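Whatever order the structure lists ligands and atoms in, that order sets their numbers, starting from 1. Small disclaimer: the values here were computed from a predicted structure and weren't measured.
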Amino acid sequence: MRYLVLSDIHANLEALESTLAAAGEWDAVLVLGDLVGYGADPNAVIGRVQSLPNATIIRGNHDKVGAGVETVESFNHLARHAISWTSTELTAANRDWLAAMRAGPALIDDLVEICHGSPFDEDAYIFDELDARRGVVASQRPVCLYGHTHVPAIFKYDGELSAIGPPRGPRHRLTLEPKAKYLINCGAVGQPRDGDPRAAFGLLDTESRTLTVLRVAYDVHTAQAKIISAGLPEVLAQRLAIGR
Ligand code: ZN
C-alpha cells in the first residue's frame with residue numbers, strides 16, 4: 001500500500017495542488033488535520049480534499065475552531081483573526097462537514113496510525129525528544145504519523161529514543177527498521193515553519209517499508225495575493241515566503 005500523507009494544508013490551495021501534482025501514484029491518502037485556518041481558500045481546499053479517493057481524514061485544532069466545535073481561547077492573535085475570517089467564509093455545508101470530522105488518533109492498518117498533534121492528545125505538540133517519548137509510549141502502531149508543529153521530524157525508538165534528521169532537501173528517504181517504532185511528521189503542505197517555504201508531504205510504502213518526506217515549490221505569490229485581498233493579516237502572507 002502506498003499512502004500519500006498530507007497535513008496542515010491550512011486553506012492553501014496552491015500548495016495543495018502542487019503537492020498533488022508532485023505526489024505521483026498512490027493508493028490511499030491520509031489527511032492529518034488543519035485543512036483550514038491562515039489561508040484564503042478554506043472552501044476550495046475542503047472540496048479538493050473531499051474529491052480525493054480512499055481518504056482517511058482526521059481533524060486538527062483549526063478545523064474544530066473554524067467549525068465552532070471548540071472556542072478560540074487557545075489561539076494566538078493571528079490564528080484568531082484568521083479563524084474568525086474562516087468561520088464567516090465557510091459555506092454551511094462545509095462548516096457541518098468540518099464539525100463532523102473525526103478526532104485522531106486513527107489506526108490505519110497493522111503498521112500505521114495517524115494523529116494531528118500526538119497519539120495521547122490531538123492538540124498536544126511533539127517538538128522534542130521528551131514529547132516524542134510520551135508519543136511512542138501512547139502510539140499503538142510501529143509508525144505513528146503526526147502533524148500540528150508544521151516542522152518535519154523523524155523520531156525512532158528501538159529501546160532508545162533518537163531524533164533522525166531533521167529531514168532536509170527535496171526528497172528524504174527513510175527505510176523503516178522491522179523492530180523499531182517511529183513518530184514521523186512529514187511537515188506542512190500549506191504553511192511550512194522549518195525555514196523551507198516549499199510545501200511538505202510524505203509518501204509511505206508499506207511493502208518496501210520506506211517513507212519519503214518530499215518538498216515541492218508552489219505558487220507562493222498567488223497564495224499571498226489571495227490572503228492580502230481577503231483582508232487577512234499581511235504577516236500570514238509574508239511567512240509563506242520564508243517558511244516560518
Ligand atoms: Zn496547523
Side-chain angles (χ1 to χ4, degrees), residues 4-16 19 29-46 48-49 56-87 89-90 94 98-99 101-106 114-119 121-127 131 135 144-153 166 183-202 213 215 218 220 223 227 232-233 235-240 242-244:
L4 170 63
V5 185
L6 307 177
S7 191
D8 298 280
I9 302 164
H10 282 295
N12 187 336
L13 185 64
E14 287 69 32
L16 176 60
T19 293
V29 58
L30 308 174
V31 184
L32 278 52
D34 278 2
L35 276 65
V36 302
Y38 298 130
D41 275 317
N43 291 305
V45 161
I46 289 170
R48 191 67 175 99
V49 169
T56 304
I57 306 167
I58 55 171
R59 67 188 186 182
N61 48 322
H62 288 255
D63 306 317
K64 282 192 285 185
V65 177
V69 170
E70 219 163 68
T71 63
V72 80
E73 264 145 49
S74 62
F75 277 26
N76 65 32
H77 171 72
L78 268 180
R80 259 176 211 228
H81 189 138
I83 208 67
S84 63
W85 177 88
T86 301
S87 307
E89 195 70 14
L90 285 169
N94 282 341
L98 283 182
M101 285 173 85
R102 63 174 289 187
I114 60 173
C115 58
H116 182 62
S118 81
D121 177 346
E122 62 179 337
D123 294 331
Y125 290 91
I126 296 176
F127 275 116
D131 306 326
C144 177
L145 303 170
Y146 71 99
H148 198 31
T149 64
H150 300 203
V151 176
L183 277 176
I184 299 172
N185 187 331
C186 296
V189 171
Q191 196 198 73
R193 291 182 193 160
D194 63 338
D196 183 341
R198 293 175 297 180
F201 64 103
V213 178
R215 304 304 284 254
Y218 70 94
V220 171
I227 285 170
L232 284 160
V235 66
L236 293 176
Q238 291 160 351
R239 71 189 302 177
L240 292 181
I242 53 171
R244 287 289 178 201

ask   = Taking the side chain from Asp34 and the backbone from His148, do they hold a donor-acceptor pair closer than 3.5 Å?
value = no
ask   = Any idea how Tyr125 and Phe127 line up, ring-wise: parallel (<30°), tilted (30 to 60°), or perpendicular (>60°)?
value = parallel
key: Separation between OG1 of Thr19 and CD1 of Ile9, rounded to the nearest 0.5 Å   = 8.0 Å
inquiry  = Using a 3.5 Å distance criterion without hydrogens, assess whether the side chain of Arg80 forms a donor-acceptor pair with backbone atoms of Glu73.
reply    = yes
inquiry  = Keeping to distances under 2.8 Å, can you name the protein N/O/S atoms close to the Zn ion (ligand 1)?
reply    = Asp8 OD1, His10 NE2, Asp34 OD2, His150 NE2
inquiry  = Looking at Asp41 and Arg48, is any side-chain nitrogen of the basic one under 4.0 Å from a carboxylate oxygen of the acidic one?
reply    = no
request  = State whether the side chain of Asn12 and the backbone N or O of Gly190 hold a donor-acceptor pair below 3.5 Å, judged by distance alone.
outcome  = yes
